[in-house]
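Okay, structure first, notes after.
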Amino acid sequence: MAEKILIVDDEESIVTLLKYNIEQAGFKTEVAYTGSEALHKAESDDFDLIVLDVMLPEMDGMEVCKQLRVNQMDTPVLMLTAKDDEFDKVLGLELGADDYLTKPFSPREVVARIKAILRRSNRVMKEDNFESIQIADLTIYPQQYEASIKNEQLTFTPKEFELLLYLAQHKGKVLARDQLLSAVWNYDFVGDTRIVDVHVSHLREKIEPDTKKPVYIKTIRGLGYKMEEPK
């Protein structure tokens with residue numbers, strides 16, 4: 001069954017262009033032209049991914065993304081922005097976006113990013129695999145994209161989970177920020193390592209007993225991060 005993509009942009013020409021190219025790639029699409037319409041559709045239907053413009057009437061894309069995460073909706077979000085600005089970019093990722101593209105963009109690049117996000121998030125289960133990774137009270141189920149602390153279910157965005165999984169798979173090893181960017185995001189963010197810091201901060205809020213004294217994800221000053229077994 002084809003994955004369904006919600007396209008959100010207030011420029012009809014961009015929506016038409018994206019809709020055509022995304023459908024040509026084999027996906028189903030739905031469209032929205034305002035932030036409130038996008039939020040309503042996202043909450044009332046099941047989408048595999050949302051292509052979300054930042055500048056929208058009624059409610060901007062940042063607020064839409066924030067509300068989705070507040071409502072614990074983990075649908076991947078590819079954010080579109082006309083502002084080639086690090087603050088906007090990082091803020092979007094802080095609010096729960098999984099990736100971003102700066103306008104003007106190639107429709108082919110949008111489709112490539114969509115495929116990459118869906119492939120990484122593994123939203124469609126193709127096999128039953130219940131192998132888990134256990135680190136103290138933290139249990140990670142790679143195939144289910146789920147994790148729990150003391151049997152209490154945790155909620156992650158796809159990108160947060162991918163980072164958690166990579167850290168866990170390399171437990172005890174110091175991982176540089178650039179290495180994490182390459183492994184988890186699959187392409188170069190031109191040294192924007194703050195993106196890694198933002199996502200680590202989000203993970204700590206969800207898995208650490210005390211975020212000021214982390215016991216799972218340790219910062220290795222001047223190098224990067226390391227997942228450890230809490231003592």
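Basis for what follows: all heavy atoms, side chains included, without hydrogens, waters or symmetry-related copies.
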Is any side-chain heavy atom of [X] less than 4.5 Å from a side-chain heavy atom of [Y]?
X      : Y      : answer
Leu138 : Ile149 : yes
Glu208 : Ile217 : yes
Thr219 : Arg204 : yes
Pro158 : Ile117 : no
Leu95  : Val77  : no
Val54  : Met62  : yes
Leu17  : Ile14  : no
Leu56  : Thr34  : no

For the student: nearest non-hydrogen atoms of [X] and [Y], plus distance:
X      : Y      : answer
Glu43  : Asn71  : OE2-ND2, 2.6 Å
Val184 : Lys159 : O-NZ, 3.3 Å
Ser36  : Met59  : N-CB, 4.1 Å
Leu167 : Leu180 : CD2-CD2, 4.3 Å
Ala42  : Leu68  : CB-CD2, 3.7 Å
Leu154 : Lys206 : CD2-O, 3.5 Å

Is atom CG of Asp210 surrounded by more than 12 heavy atoms (other residues, nucleotides or ligands) closer than 6.0 Å?
-> yes
Neighbour count above 12 (heavy atom, 6.0 Å) for Glu109 CD | yes
When Ile, Leu, Val, Met, Phe, Trp and Tyr are grouped by side-chain heavy atoms lying under 4.5 Å apart, directly or through other members, which residues fall in the same group as [X]?
X      : result
Tyr20  : none
Val70  : none
Val174 : Ile220, Leu223

Exam field: side chain Thr16 to backbone Glu12, donor-acceptor pair closer than 3.5 Å = yes
Pick out which of Val31, Ile50, Leu39 makes a side-chain contact (heavy atoms from CB on, under 4.5 Å) with Val8.
-> Ile50
Among Leu163, Val196, Leu203, Leu175, which one satisfies side-chain contact (heavy atoms from CB on, under 4.5 Å) with Tyr225?
-> Val196
Out of curiosity, [X] [atom1] to [Y] [atom2], how far, rounded to the nearest 0.5 Å?
X      : Y      : atom1 : atom2 : result
Leu80  : Leu101 : CG    : CG    : 6.5 Å
Ile5   : Thr75  : CD1   : OG1   : 10.0 Å
Glu160 : His202 : CD    : NE2   : 6.0 Å
Asp60  : Asp10  : CG    : CG    : 11.5 Å
Glu162 : Phe156 : CD    : CZ    : 12.0 Å
Tyr100 : Leu52  : OH    : CG    : 15.5 Å

Listed partners of [X] passing side chain to side chain donor-acceptor pair (under 3.5 Å), at least two apart:
X      : value
Asp45  : Lys4
Lys115 : none
Lys173 : none

With sequence neighbours excluded, residues passing salt bridge (Lys or Arg N to Asp or Glu O under 4.0 Å) with Glu37 | Lys41
[X]: partners by ring pair (Phe, Tyr, Trp, His ring centres under 6.0 Å), with sequence neighbours left out:
X      : result
His199 : Trp185
Tyr166 : His170
Phe161 : Tyr145

Please step through side chain to side chain contact (heavy atoms under 4.5 Å, CB included) for the pair Ile133 and Met227, ending with a clear verdict.
-> CA-CA 12 Å; Ile133 298 173; Met227 174 74 84; over 6 Å; no
May I have all residue pairs that pass salt bridge (Lys or Arg N to Asp or Glu O under 4.0 Å) and include part of residues 137-158, sequence neighbours excluded?
-> none
Please determine if Asp53 and Lys103 form a salt bridge, counting it only when a charged side-chain N lies under 4.0 Å from a carboxylate O.
-> yes
List the steps and the verdict of side chain to side chain contact (heavy atoms under 4.5 Å, CB included) for Ile207 and Leu164.
-> CA-CA 10 Å; Ile207 71 172; Leu164 175 67; 4.2 Å; yes
Give the intermediate values and the outcome of side chain to side chain contact (heavy atoms under 4.5 Å, CB included) for residues Asp178 and Leu181.
-> CA-CA 5 Å; Asp178 287 336; Leu181 280 173; 4.0 Å; yes
Going through the checks in order, is the side chain to side chain contact (heavy atoms under 4.5 Å, CB included) test met by Leu118 and Phe27?
-> CA-CA 11 Å; Leu118 290 176; Phe27 299 102; 3.5 Å; yes
Sorted by chain and number, sequence neighbours left out, side-chain contact (heavy atoms from CB on, under 4.5 Å) with Ala136 holds for Tyr216, Glu229, Pro230
